[in-house]
Enquirer: 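Here it is, the structure, as structure tokens.
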Number of protein chains: 2
Amino acid sequence: MCAPLTSGTIGQVPTTVRDRVRAELTAEITAAARRQLAEVGAAGLSLRAVAREVGLASSAVYRYFASRDELLTRLIIDGYDAVGAAAEDADDPAAPPRERWVAVCRAVRAWALAHPHEYALLYGSPVPGYAAPRDTVPAAARVGVVLGRILGDAARSGVLPAAAGGRRDPELVSDATAEVLGGEHPALDDAVRVRALLAWSSVFGAVSFELFGQFVGSVQATDRWFDRAMGELATLVGL
Amino acid sequence: MCAPLTSGTIGQVPTTVRDRVRAELTAEITAAARRQLAEVGAAGLSLRAVAREVGLASSAVYRYFASRDELLTRLIIDGYDAVGAAAEDADDPAAPPRERWVAVCRAVRAWALAHPHEYALLYGSPVPGYAAPRDTVPAAARVGVVLGRILGDAARSGVLPAAAGGRRDPELVSDATAEVLGGEHPALDDAVRVRALLAWSSVFGAVSFELFGQFVGSVQATDRWFDRAMGELATLVGL
DNA sequence: CACAAGAGAGAGCACTGCTCTTGACACCAC
DNA sequence: GTGGTGTCAAGAGCAGTGCTCTCTCTTGTG
């Protein structure tokens, strides 16, 4: 219902004029929505205002997005992809694991500071009445995968202490997560996995606290604090 | 202008009938607002709906709260006080520091799970167009103070390694924060202070990730994971 | 060329926060 | 007891929202 086929276009290249215009207009709408998001935030995002900016009647936008929520979902996925790409770009697999870790954390924070409203949409309170569909999960995982890969690589190269014979609790950390952390080669025990997930959430805890104003009155030199904190996190996970 | 004096009442006990009714109605409004908040979340909180529930005309509510934002501020302060009180209640100063730490973290998480929308209002994305006034800062600090006191007590009793002669960066961590951590007796060096703030933000990072759905697909046994993670944090800060 | 599908516009519904005016009521001093 | 004062609720109204429905025009295809 989001991209209905033109009647008769069954081939894999159905680029009729209509389709091209449709794709362009869709892109224009999401672009305008992203601009609006950056200005007024997620909850203040108005479909009518987006329509105005694009030069369409508000009702016409519904030809492209079935609802405000669907538009929001698009923005969320795009956002996760953007911060995920930023994290991936910042990761140099050749660098020492500890430096990789801090570099990726820095990239996440930099993206968050540059796109505060988008960050809030992704990692802040869920928009009321809106339930994120499953589609968002893979995109949402990208940053975690980057961080996990750093740990996995470190484990494989022997930097990280491998399984110390600790018990393995399958319900504590999902298989998918274990997979990211290098699967069974070498096997990381529960303690490392718990710490990995803690560090992951802590990165965003730190960024959120800074961005959402919880550090007002506590931390002044936020740049320096963040770098040192991420270093401490790297130590925590064993890098 | 929120509680104007009746003409002539100059004494310190101006409980005329009017004042009493006003106070009661104010409480009724905030109660209704809190109920609504729990149902539809912060951004969906409607002043008109609150008025309907109380049995007032929407315009009448403005006699009590100058704007939706002012009502929101009340809810925010009440929320910080509630979670702060929960944290304080959970802290037994006689217990070993590590147990105190985990107990307080558990209490914060329990409160968050019981009041997800209020938690989101406090620690999630800021409501667009709304700037939290200064009044909220002291209330917001309560949980941090509880956690800081645990560290400070541990340092005083020698459990925590005191200043290792590390450099002291006054801009890294504010004086107020240093004060919470026991001031200069004994002096904790920067590393400990950085870790303390990191741990503080990490507690909420973990709770937020669970509550906002970021752990979907990663952590299954959230209860057990949280306990272990908070234990790791305690280790991180030196408890 | 004709016909069906796609797309935009506009009106309309029910809702929102907020403002302003109007009329009623309670309090307090005299 | 009565009149002035000031508080307060109600209602209408403004500008905005998401969303739906219908009407009309355009476009692509058989």
Side-chain angles (χ1 to χ4, degrees), chain A residues 1-11 13-26 28-29 33 36-37 39-73 75 127-130, chain B residues 1-11 13-26 28-29 33 36-37 39-73 75 127-130:
Chain A
M1 50 192 69
C2 186
L5 289 175
T6 312
S7 70
T9 57
I10 315 164
V13 188
T15 39
T16 65
V17 174
R18 251 174 148 88
D19 288 356
R20 282 244 314 281
V21 170
R22 185 181 178 83
E24 276 172 28
L25 210 43
T26 306
E28 223 173 300
I29 290 171
Q36 250 234 321
L37 176 66
E39 275 176 31
V40 297
L45 191 145
S46 149
L47 215 146
R48 282 175 124 106
V50 170
R52 257 194 309 272
E53 194 175 327
V54 180
L56 247 55
S58 67
S59 55
V61 178
Y62 286 86
R63 300 263 181 212
Y64 297 84
F65 294 95
S67 68
R68 186 175 166 279
D69 284 6
E70 206 176 290
L71 178 56
L72 223 47
T73 300
L75 293 180
V127 180
Y130 170 82
Chain B
M1 51 190 67
C2 187
L5 290 174
T6 312
S7 70
T9 57
I10 315 164
V13 189
T15 39
T16 64
V17 175
R18 256 161 133 101
D19 289 354
R20 283 242 314 280
V21 171
R22 185 181 180 82
E24 276 173 27
L25 210 44
T26 306
E28 222 172 301
I29 289 172
Q36 250 233 322
L37 176 67
E39 275 175 31
V40 296
L45 192 145
S46 150
L47 217 148
R48 284 174 125 107
V50 170
R52 256 196 309 273
E53 192 175 328
V54 180
L56 248 55
S58 65
S59 55
V61 179
Y62 286 87
R63 299 272 177 204
Y64 296 85
F65 294 94
S67 69
R68 186 174 166 278
D69 284 6
E70 204 175 292
L71 177 57
L72 223 47
T73 300
L75 293 179
V127 180
Y130 169 84

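Just so we're on the same page: letters track the sequence lines, and every chain starts at 1.
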Enquirer: For the side chain of B:Tyr64, counting heavy atoms from C-beta on, which of C:dC18, D:dT17, D:dC8 is nearest?
Expert: D:dC8
Enquirer: Could you state the CZ-P distance from A:Arg52 to D:dA15, rounded to the nearest angstrom?
Expert: 13 Å
Enquirer: Output the single nucleotide from D:dA9, C:dC18, C:dA9 whose closest atom is nearest the side chain of A:Leu56.
Expert: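 So the side chain of A:Leu56 is nearest to C:dA9.
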Enquirer: Roughly how many Å is it from CG in B:Leu25 to C1' in D:dA10, rounded to a whole number?
Expert: 14 Å
Enquirer: In whole angstrom, give the distance that lies between atom CD of B:Gln36 and atom P of C:dC15.
Expert: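 Going from B:Gln36 (CD) to C:dC15 (P), I get 13 Å.
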Enquirer: In whole Å, what is the span from the CZ atom of A:Phe65 to the P atom of D:dG18?
Expert: 14 Å
Enquirer: Taking the nucleotide of DNA chain C with the nearest heavy atom to each, does B:Ala66 or A:Val21 sit closer to the 5' end?
Expert: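 Nearest nucleotide further toward 5': that of A:Val21.
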Enquirer: Need to verify one output field. Residue with the more 5' nearest nucleotide on DNA chain C, B:Arg48 or A:Arg48?
Expert: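 Final value for this comparison: A:Arg48.
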Enquirer: Test B:Phe65 against every option in B:Leu72, B:Leu71, B:Leu47, B:Val50 by the side-chain contact (heavy atoms from CB on, under 4.5 Å) rule and name the one that passes.
Expert: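 That would be B:Leu71.
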Enquirer: Rounding to a whole Å, what distance do you find between B:Leu45:CG and C:dC15:P?
Expert: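 The answer, rounded to whole Å, is 17 Å.
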Enquirer: Which is true for A:Ser58 with a 4.0 Å heavy-atom rule: it touches a base, it touches only sugar-phosphate, or it touches nothing?
Expert: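 It contacts base atoms.
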Enquirer: Output the single nucleotide from C:dG17, D:dG18, C:dC18 whose closest atom is nearest the side chain of B:Ser46.
Expert: C:dG17
Enquirer: Can you tell me how far P of C:dG8 sits from OH of A:Tyr62, to the nearest Å?
Expert: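 That distance rounds to 15 Å.
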Enquirer: Can a side chain N or O of A:Arg22 be found less than 4.0 Å away from OP1 or OP2 on C:dG6?
Expert: no
Enquirer: Send over the distance from A:Arg63 CZ to D:dT22 P, rounded to a whole Å.
Expert: 12 Å
Enquirer: Would you compute the distance between atom CG of A:Leu45 and atom CD of A:Glu39 and round it to the nearest 0.5 angstrom?
Expert: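 Nearest 0.5 Å value for the CG-CD distance: 10.5 Å.
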Enquirer: Figure out the CG/P separation between A:Leu47 and D:dG16, and round it to whole Å.
Expert: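 The answer, rounded to whole Å, is 16 Å.
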Enquirer: Any donor-acceptor pair under 3.5 Å between the side chain of A:Ser59 and the base of C:dG8?
Expert: no
